[in-house]
Amino acid sequence: MLQVRQLVKHFGGLRAVDGVSFEVGPGQCVALIGPNGAGKSTTFACIAGQYPLTGGDIAWNGQALQGLSPQARLRLGVARTFQVAQVFEALTVLQNVQLAIQARLGQRAVSAFRRLDSQSREPALALLEQTGLQALAEQDALSLPYGAKKRLELALALAARPRLLLLDEPAAGLAGPERAELMQLVKRLAGQGMAVLYTEHNMDAVAGVADRVLVLIEGRLAAQGSFDEISRDAVVRSRYLGQAGGEAGSEGGGHA
Ligand code: ADP
Ligand code: MG
């Protein structure tokens, strides 16, 4: 269980996250949504270990995470992806995943790279299948279409065998069926028992995916509940859904 209590993160005078508390249990798929600049990525970075906290605390299965490096958190089962996909562009898709598995197994990256082609091939192929990338296994990561790169980043996170998976806008930059498919994959991961927390700034990646939705506005949780509950929430409607037409709008409902 992830427990975030009174999380505060300031950048100089800017209160990016200003007293946020929530929990995510195993098997739950929770969405952290809100307009651009609300503090979603910052909240993530605090949980995954990229930023020291200004205040509050974060515990995973009862153990305090603040003060631990991202690598130490990864060893405890906490893995993340980034809003802009980060993969090893000089390697093939398969090699990327092989390398990530080798990293979990404690091989040093350089020696693993030399003997990579024979290593962890089967589990890597299984991860490619799980993320729908089998057909692209031998392609260079550099030349991947963006949607495939987002999937690859997810496969790399899964290679760590996380128990808590943090996904920062997993479907960012994707549209239509590709977007819907990726979100269903995210939902399935929670169905397998992982605790999943993902950010989004569009409502359409929430309906039918998230078990619970946290709405972050200007660094504070404005509401939390089911998709239906937060869609009806007066504050959420006026301060988030009501604004800026398309981006945050729930009208027109979910994706196909
Ligand atoms: P979101 O992911 O919800 O769009 P962010 O967490 O990226 O929002 O940003 C929240 C606020 O914090 C924004 O005003 C952003 O400009 C600011 N911010 C984010 N990262 C940094 C940083 N490293 N240094 C200074 N300000 C930052
Ligand atoms: Mg962000």
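Whatever order the structure lists them in is the order used to number ligands and atoms, beginning at 1. Here the structure is a predicted model, which means the values were calculated and not measured.
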Exercise. Taking it one step at a time, do Y198 and D168 satisfy side chain to side chain contact (heavy atoms under 4.5 Å, CB included)?
Worked result: CA-CA 6 Å; Y198 72 95; D168 197 4; over 6 Å; no
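- The hydrophobic cluster containing L7, built from Ile/Leu/Val/Met/Phe/Trp/Tyr side-chain heavy atoms closer than 4.5 Å, also comprises L2, V4, V17, V20, F22, V24, V30, L32, F44, I47, L53, I58, W60, L65, L68, L76, V78, L164, L166, L197, L214, L216, L221.
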Exercise. What do the steps show when you test T92 against D140 for side chain to side chain donor-acceptor pair (under 3.5 Å), and what is the final call?
Worked result: CA-CA 4 Å; T92 67; D140 287 340; 5.9 Å; no
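- One side chain, E23 or Q3, offers a donor N or O that lies under 3.5 Å from an acceptor on the other.
- The number of protein N, O or S atoms lying under 2.8 Å from the Mg ion (ligand 2) is 2.
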Exercise. Passes salt bridge (Lys or Arg N to Asp or Glu O under 4.0 Å), R239 versus E218? Steps please.
Worked result: CA-CA 10 Å; R239 294 190 57 199; E218 291 175 11; 3.4 Å; yes
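- L74 and L154 are not part of a single hydrophobic cluster, where members link through side-chain heavy atoms under 4.5 Å apart.
- Side-chain contact check for Q28 and R212: at least one donor-acceptor pair (N or O, by modelled atom type) lies under 3.5 Å.
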For ligand 1, list all ligand N or O to protein N or O distances below 3.5 Å, rounded to 0.1 Å.
from: ligand 1; atom 1: 2 (O); to: S41; atom 2: N; distance (Å): 2.8
from: ligand 1; atom 1: 2 (O); to: S41; atom 2: OG; distance (Å): 3.0
from: ligand 1; atom 1: 3 (O); to: A38; atom 2: N; distance (Å): 3.1
from: ligand 1; atom 1: 3 (O); to: G39; atom 2: N; distance (Å): 3.0
from: ligand 1; atom 1: 3 (O); to: K40; atom 2: N; distance (Å): 2.8
from: ligand 1; atom 1: 3 (O); to: K40; atom 2: NZ; distance (Å): 2.8
from: ligand 1; atom 1: 4 (O); to: G37; atom 2: N; distance (Å): 2.7
from: ligand 1; atom 1: 6 (O); to: S41; atom 2: N; distance (Å): 3.4
from: ligand 1; atom 1: 6 (O); to: T42; atom 2: N; distance (Å): 2.9
from: ligand 1; atom 1: 6 (O); to: T42; atom 2: OG1; distance (Å): 2.6
from: ligand 1; atom 1: 8 (O); to: G39; atom 2: N; distance (Å): 3.2
from: ligand 1; atom 1: 23 (N); to: Y51; atom 2: OH; distance (Å): 3.2

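- R163 is linked by a side chain to side chain donor-acceptor pair (under 3.5 Å) to nothing, counting only residues two or more places apart in sequence or in another chain.
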Exercise. Could you go step by step and tell me if Q50 and R80 meet the side chain to side chain donor-acceptor pair (under 3.5 Å) rule?
Worked result: CA-CA 11 Å; Q50 277 77 36; R80 71 161 294 176; 2.9 Å; yes
